[in-house]
Protein chains: 2
Amino acid sequence: MASLARAAGVAASTVSRALRNDPRISPDVRDRIVALAQEVGYTPNILARSLVGGSSGLIGLVLGPVDNPFYAELMQRAVTQAAARGWRLLLVHAGPGPIEQATADALLQYRVDGCLITSAELSSRAARICRDNQVPLVMVNRVAWEHGSAVSCDNDAAGALLADLLIEAGHRRLAVVSGNPTTSTSIERADGFIRRVRAAGLPEPLRFGGVNSHAKGFEAGQVIAALPAPDRPDAVLGVSDLIAMGIMDALREAGIAVPGEISVVGIDGVAAARRPPYRMTTVAQPLEDMMERALDLLNARMNGVHRADEVVTLRGDLVIGQSARLPARLTAG
Amino acid sequence: MASLARAAGVAASTVSRALRNDPRISPDVRDRIVALAQEVGYTPNILARSLVGGSSGLIGLVLGPVDNPFYAELMQRAVTQAAARGWRLLLVHAGPGPIEQATADALLQYRVDGCLITSAELSSRAARICRDNQVPLVMVNRVAWEHGSAVSCDNDAAGALLADLLIEAGHRRLAVVSGNPTTSTSIERADGFIRRVRAAGLPEPLRFGGVNSHAKGFEAGQVIAALPAPDRPDAVLGVSDLIAMGIMDALREAGIAVPGEISVVGIDGVAAARRPPYRMTTVAQPLEDMMERALDLLNARMNGVHRADEVVTLRGDLVIGQSARLPARLTAG
DNA sequence: CAATTTTATGCTAACGATTGCACAACAAAT
DNA sequence: ATTTGTTGTGCAATCGTTAGCATAAAATTG
């Protein structure tokens with residue numbers, strides 16, 4: 001910048017102001033400087049700017065296990081929407097397992113303006129660091145930890161809705177395959193489902209699960225398929241589309257028709273589950289809106305003013321596929 | 001840091017040296033400072049350090065469309081391996097389509113030490129920016145552009161290997177479903193395949209494709225299924241696992257047995273293709289090694305010394321699944 | 001014990017931007 | 001003609017850290 005100023009015959013401060021459209025710089029000088037900057041390919045050093053300005057323009061991103069396409073889709077939204085707001089993402093973690101200390105420290109070292117945790121697992125280390133250092137924190141797709149705001153889908157309602165629809169369509173022996181029993185997402189979805197089943201006076205649903213993976217869903221599907229036909233459930237909820245896909249794969253491999261003999265439904269609305277051969281009936285998370293709200297929450301807390309933690313819950317959208325027998329009133333439309 | 005120095009009764013430079021284990025600081029002073037820093041929760045500001053040191057510790061990451069699980073898997077490796085080297089990732093793009101100018105500019109503004117482009121599409125804008133500003137650039141899974149090094153799988157050999165195996169197993173009417181015709185990855189894989197088919201004196205393979213997506217593979221599969229049985233190919237290569245999955249889904253939906261009536265093979269080795277119901281026979285890209293080499297290449301160019309651009313090609317690993325009829329010598333073992 | 005080397009620390013100037021304040025130039029008002 | 005107001009620039013301090021050089025204290029040597 002110094003050399004640019006020398007070349008333009010002005011002071012460095014004038015260059016700085018000209019490039020940021022400070023109204024106090026006369027138009028002709030500004031134009032000359034902008035043209036010159038363009039010519040020599042000058043780009044301001046954001047690191048230096050952050051030093052004086054206080055804000056780095058960086059948002060820390062902690063991603064869940066990306067073998068679940070849901071997180072990949074979430075990431076894509078995060079990148080796009082953050083960019084639209086002029087923020088950049090510092091990708092500090094992606095995958096299963098806890099975040100390493102050295103990695104979490106990077107959040108502080110790079111002075112991120114905020115942090116986005118999109119993982120159903122408890123990434124307590126990153127959350128703790130944010131809390132201890134007043135870094136605004138928003139969690140997506142999970143309830144808030146001790147500190148931080150959260151945006152998630154109404155998981156309980158999603159589970160309940162699917163139960164209601166399956167029951168209305170005449171299913172009587174229901175089952176649910178859960179994910180990780182320590183994640184709120186999995187628990188709430190299963191709870192909502194089971195609550196409605198009980199409310200309908202139907203027998204207690206069969207329960208499987210333990211991990212949010214295709215393999216675990218597949219395993220559960222195999223167990224279900226191996227049951228004698230009269231004991232077999234006639235509808236199964238996989239608490240995530242990934243699990244539901246596994247269930248469906250196992251059932252079909254065992255020669256059981258879906259939805260002919262057993263209905264399968266999932267929750268998340270990932271692209272992979274919507275296409276053939278699954279065409280999953282599922283409750284889609286409103287990803288676009290969720291990310292929008294998440295960034296709004298961050299933004300409101302980024303300029304230093306303290307705000308109470310906030311929890312936003314959005315309703316999911318029912319996606320009618322062909323993996324479950326549904327009430328006629330729905331499939332007709 | 002200034003307040004820390006005051007609290008410890010030393011100069012700021014001493015604190016700086018103590019925290020970075022400068023041998024010139026006496027052990028007792030160092031221990032006292034480290035303990036104090038720990039206590040007050042002090043974390044050095046990397047932005048400021050970069051300002052004087054010249055290196056930001058950031059690597060720009062440009063990701064391809066993450067609806068292809070291959071890119072998600074690649075990203076996971078990038079995060080893990082970069083962290084192991086003490087680098088952080090600045091995620092500037094993820095998805096299809098070109099990278100925006102403002103986004104690409106961020107690479108310069110944040111003074112990334114290097115850039116990783118993992119997209120088969122030509123992200124010419126990011127590449128151009130890197131070239132114009134001497135930012136080390138490594139492309140993964142595609143050939144080098146005008147500027148930059150590259151790491152990729154031996155795509156031609158992968159296509160050729162699969163062709164040879166299918167032919168050896170007795171297939172006679174082959175087909176190939178390509179991806180984006182502008183990506184080297186797709187072209188090379190198809191070329192290697194076709195070359196071997198011709199060399200074997202077999203009829204010219206049927207060709208489909210145009211986009212690297214499940215939908216396009218599905219579409220091709222439907223067309224193939226609709227052919228009168230005698231004209232139908234008996235083996236199909238999807239140039240990516242994603243495409244191959246689409247093909248398989250369409251064939252099975254049409255009631256055609258895979259691999260009973262038609263063998264299907266893919267290339268990439270993504271997790272989704274290896275599990276049921278696909279159990280794809282494919283050539284897996286050695287992701288771990290590819291990323292390792294990519295970061296090596298970046299590292300060698302990051303300390304300022306100029307090095308000639310380099311292209312590294314790694315051989316893929318044959319994964320024997322159950323989606324294709326293979327020579328007995330392989331399936332027996 | 002003086003002279004010399006070693007060791008540990010402090011001082012200060014960078015790094016590349018931003019910003020409050022001072023100031024020069026010029027126009028308008030008294 | 002002096003004062004007041006406006007407008008556009010420059011100066012210098014600042015952000016948090018590192019690194020070269022100077023220096024004081026301690027340890028070694030003759």
Side-chain angles (χ1 to χ4, degrees), chain A residues 1-34 36-37 40-58 86 88 105-113 133 135 303-304, chain B residues 1-34 36-37 40-58 86 88 105-113 133 135 303-304:
Chain A
M1 179 162 131
S3 61
L4 213 181
R6 220 175 306 117
V10 296
S13 52
T14 303
V15 173
S16 169
R17 286 192 261 256
L19 293 176
R20 281 172 311 133
N21 285 319
D22 191 307
R24 301 184 308 180
I25 300 297
S26 61
D28 51 342
V29 172
R30 174 176 31 244
D31 292 349
R32 188 159 50 88
I33 293 179
V34 168
L36 194 59
V40 304
Y42 165 80
T43 311
N45 185 332
I46 296 248
L47 279 49
R49 177 180 295 174
S50 314
L51 202 54
V52 43
S55 109
S56 64
L58 291 174
R88 307 298 157 197
D105 285 341
L107 292 173
L108 298 178
Q109 297 174 333
Y110 283 93
R111 298 296 189 263
V112 296
D113 293 336
N133 297 274
V135 174
N303 29 30
Chain B
M1 179 161 132
S3 61
L4 213 181
R6 219 175 307 117
V10 297
S13 51
T14 303
V15 173
S16 170
R17 287 192 260 255
L19 293 176
R20 282 173 309 134
N21 285 319
D22 191 307
R24 301 183 308 178
I25 300 296
S26 62
D28 50 342
V29 172
R30 171 171 40 240
D31 292 349
R32 188 159 51 89
I33 293 179
V34 168
L36 195 60
V40 304
Y42 165 81
T43 311
N45 185 332
I46 296 247
L47 279 48
R49 177 181 295 175
S50 312
L51 201 53
V52 43
S55 114
S56 65
L58 291 174
R88 308 297 157 197
D105 284 341
L107 292 172
L108 298 179
Q109 296 174 332
Y110 282 93
R111 299 296 191 264
V112 296
D113 293 336
N133 296 275
V135 174
N303 30 30

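Reminder, nothing fancy here: chain letters follow the sequence lines and each chain counts from 1.
- Atom C1' of nucleotide dT17(D) and atom CZ of R49(B) are separated by 8 Å, given to the nearest angstrom.
- Of all heavy-atom pairs spanning Y110(A) and L58(A), the tightest one is O-CD1, 3.9 Å.
- Closest of all the heavy-atom pairs between P44(B) and R111(A) is O-NH1, 3.7 Å.
- Between the side chains of S26(B) and R30(B), not a single donor N or O lies within less than 3.5 Å of an accepting N or O.
- Listed candidates were dT18(D), dT9(C), dA17(C). Nearest to the side chain of I25(B) is dT9(C).
- Of the candidates dG10(D), dT17(D), dT18(D), the closest approach to any side-chain atom of A11(A) belongs to dG10(D).
- Side-chain proximity of S16(A) to dT18(C), dT17(D), dT9(C): nearest is dT18(C).
- Between the base of dG10(C) and the side chain of R17(B) there is a donor-acceptor pair shorter than 3.5 Å.
- Comparing L51(B) and D28(B) against DNA chain C, the residue whose closest nucleotide sits nearer the 5' end is D28(B).
- S55(A) comes within 4.0 angstrom of no nucleic acid atom, judged by non-hydrogen atoms across all strands.
- For R24(A) and dG8(D), the shortest distance from a side-chain N or O to OP1 or OP2 is not below 4.0 Å.
- Remark: the S13(A) side chain and the dC11(D) base include a donor-acceptor N/O pair separated by less than 3.5 Å.
- Taking every side-chain heavy atom of T14(B) into account, dG10(C) is the closest of dG10(D), dG10(C), dT17(D).
- Between R20(B) and D22(B), none of the side-chain N atoms (NZ, or NE/NH1/NH2) sits under 4.0 Å from a carboxylate O, so this pair counts as no salt bridge.
- Among the protein residues, V29(B) comes within range of the sugar-phosphate backbone only, with heavy atoms under 4.0 Å from sugar or phosphate atoms but none that close to a base.
- In this structure, the nucleotide among dG10(D), dA17(C), dT18(D) sitting nearest to the side chain of P44(A) is dA17(C).
- Across dG10(C), dT17(D), dA17(C), the shortest atom-to-atom separation from the side chain of V52(B) is found for dT17(D).
- In this structure, the nucleotide among dA19(D), dG10(D), dT9(D) sitting nearest to the side chain of S26(A) is dT9(D).
- Among all heavy-atom pairs drawn from G57(A) and D113(A), the shortest one is N-OD2, 2.7 Å.
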